[in-house]
Undergrad: 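Have a look at this one.
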Amino acid sequence: MAGDNSVSIDLPEGWLELVDRYFDNLENTLNALNESVDDYRALMVAGRFADFARPTAVMQQLVVELESSLDHRTHLLGQVASEGSRPRTIRGVLKSLDDGVRLLRAEELSTRIGEERLRAVVQFVAQFHLAETGKDLVRILTRSGPDPGTYGAGMRMLTPKSSGGGLMDEAA
């Protein structure tokens, strides 16, 4: 059952089917999160900022579901008996079992989780900046007010090098 270079693992009956259901739940949650981020982006592009509450609430619920999947994963791993230390990841168990199909699915889901997380963070950052756009434009164009320093030295290119005048004067 286990590969030549792996630890002997003893699984309870039906454990792999539970892992399949766990993966199905993760996939469904990720699909819903993907749709929610797409909805959020569409609202942003359409300028319907007042409608952000619904996709934001959905995203919050989906993040709670993803966090609860960690408890489910811990429960699944707690059922695995092995020589030596208990496996720390489902992927580790699947690798020991030489279950390439499930291992590939686990890796794909892991990649998707990272991608969806990045998409959600990008939407948050975009919303944050859109909320401050008016103030930032006035500050940049008139050279008034302190630099918020959001991105540190990387944004210094927007800071004028000469004194006097404004960005509009230089553009003219």
Undergrad: Measure the spacing between CG of N25 and NE2 of H72 and express it to the nearest 0.5 Å.
TA: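 The NE2 atom of H72 is 7.0 Å from CG of N25, to the nearest 0.5 Å.
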
Undergrad: With E27, which residues qualify under side chain to side chain donor-acceptor pair (under 3.5 Å), at least two apart?
TA: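 Side chain to side chain donor-acceptor pair (under 3.5 Å) list for E27, sorted by chain: R105.
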
Undergrad: Could you check I113, L26, L109, V64 and say which one makes a side chain to side chain contact (heavy atoms under 4.5 Å, CB included) with S69?
TA: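 Result: among I113, L26, L109, V64, L26 is the only option passing the side chain to side chain contact (heavy atoms under 4.5 Å, CB included) with S69.
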
Undergrad: Taking only residues two or more places apart in sequence or in another chain, which ones pass side chain to side chain contact (heavy atoms under 4.5 Å, CB included) with A120?
TA: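 Result, side chain to side chain contact (heavy atoms under 4.5 Å, CB included) vs A120: V37.
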
Undergrad: Taking all atoms of both residues into account, what is the closest heavy-atom pair of Q79 and P12, and its distance?
TA: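 Heavy atoms only, the tightest pair is O-CD, 3.3 Å.
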
Undergrad: For V80 and I9, what are the C-alpha separation, side-chain angles and deciding distance, and is it a side chain to side chain contact (heavy atoms under 4.5 Å, CB included)?
TA: CA-CA 7 Å; V80 175; I9 293 185; 3.5 Å; yes

Undergrad: Applying a strict under-4.5 Å side-chain criterion to I, L, V, M, F, W and Y, I'd like to know whether V93 and L16 cluster together.
TA: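 Same cluster.
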
Undergrad: Report the residues that fulfil side chain to side chain donor-acceptor pair (under 3.5 Å) with D51, sequence neighbours left out, ordered by chain and then residue number.
TA: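 If we apply the side chain to side chain donor-acceptor pair (under 3.5 Å) test to D51, skipping adjacent residues, the hits are R48.
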
Undergrad: Mark yes when over 12 heavy atoms from residues, nucleotides or ligands other than R102 sit less than 6.0 Å from its CZ; otherwise mark no.
TA: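 Yes, the 6.0 Å shell around CZ holds more than 12 heavy atoms from other groups.
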
Undergrad: Passes side chain to side chain contact (heavy atoms under 4.5 Å, CB included), N34 versus D38? Steps please.
TA: CA-CA 6 Å; N34 183 45; D38 286 347; 4.0 Å; yes

Undergrad: Partners of F52 by side chain to side chain contact (heavy atoms under 4.5 Å, CB included), sequence neighbours excluded?
TA: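 Y40, L43, M44, F49, T56, Q127.
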
Undergrad: Is the shortest side-chain heavy-atom distance between L30 and E115 below 4.5 Å?
TA: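 Of all side-chain heavy-atom pairs linking E115 with L30, none is under 4.5 Å.
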
Undergrad: Which hydrophobic side chains are connected to L118, either touching it within the sub-4.5 Å cutoff or through other members that do?
TA: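 Members alongside L118: V122.
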
Undergrad: Under 3.5 Å, side chain of S110 to main-chain N/O of E107, donor-acceptor pair present?
TA: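 Such a contact is absent between S110 side chain and E107 backbone.
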
Undergrad: Sequence neighbours excluded, which residues qualify as ring-ring contact (aromatic ring centres under 6.0 Å, His included) partners of H75?
TA: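 ring-ring contact (aromatic ring centres under 6.0 Å, His included) list for H75, sorted by chain: empty.
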
Undergrad: When you measure from the side chain of T29 to the backbone of L66, do you find a donor-acceptor pair of N or O atoms at a distance under 3.5 Å?
TA: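 Checked: no pair found.
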
Undergrad: Where do G92 and T89 come nearest, in terms of heavy atoms and distance?
TA: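 Minimum heavy-atom contact is N-OG1, 2.8 Å.
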
Undergrad: Assess whether a salt bridge exists between E116 and R119, defined as any Lys/Arg side-chain N lying under 4.0 Å from an Asp/Glu carboxylate O.
TA: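 A salt bridge is present here (some side-chain N lies under 4.0 Å from a carboxylate O).
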
Undergrad: CG of D20 to CH2 of W15: how many Å apart, nearest 0.5 Å?
TA: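 If we round to the nearest 0.5 Å, D20:CG and W15:CH2 are 10.0 Å apart.
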
Undergrad: So I90 and R73, side chain to side chain contact (heavy atoms under 4.5 Å, CB included) or not? Walk me through it.
TA: CA-CA 7 Å; I90 291 175; R73 181 192 68 190; 3.7 Å; yes

Undergrad: Below 4.5 Å, heavy atoms only, C-beta onward: do L62 and E35 meet side chain to side chain?
TA: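 Result no, sub-4.5 Å side-chain heavy-atom pair not found.
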
Undergrad: Would you check if L33 and V58 make a side-chain contact, meaning some heavy-atom pair closer than 4.5 Å?
TA: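 No, too far: nothing below the 4.5 Å cut-off.
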
Undergrad: Between L103 and L97, is any pair of side-chain heavy atoms under 4.5 Å apart?
TA: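 They are not in contact (no side-chain heavy atoms under 4.5 Å apart), so the answer is no.
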
Undergrad: Atom OG in S36, atom CD in Q61: separation rounded to 0.5 Å?
TA: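 The OG atom of S36 sits 11.0 Å away from the CD atom of Q61.
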
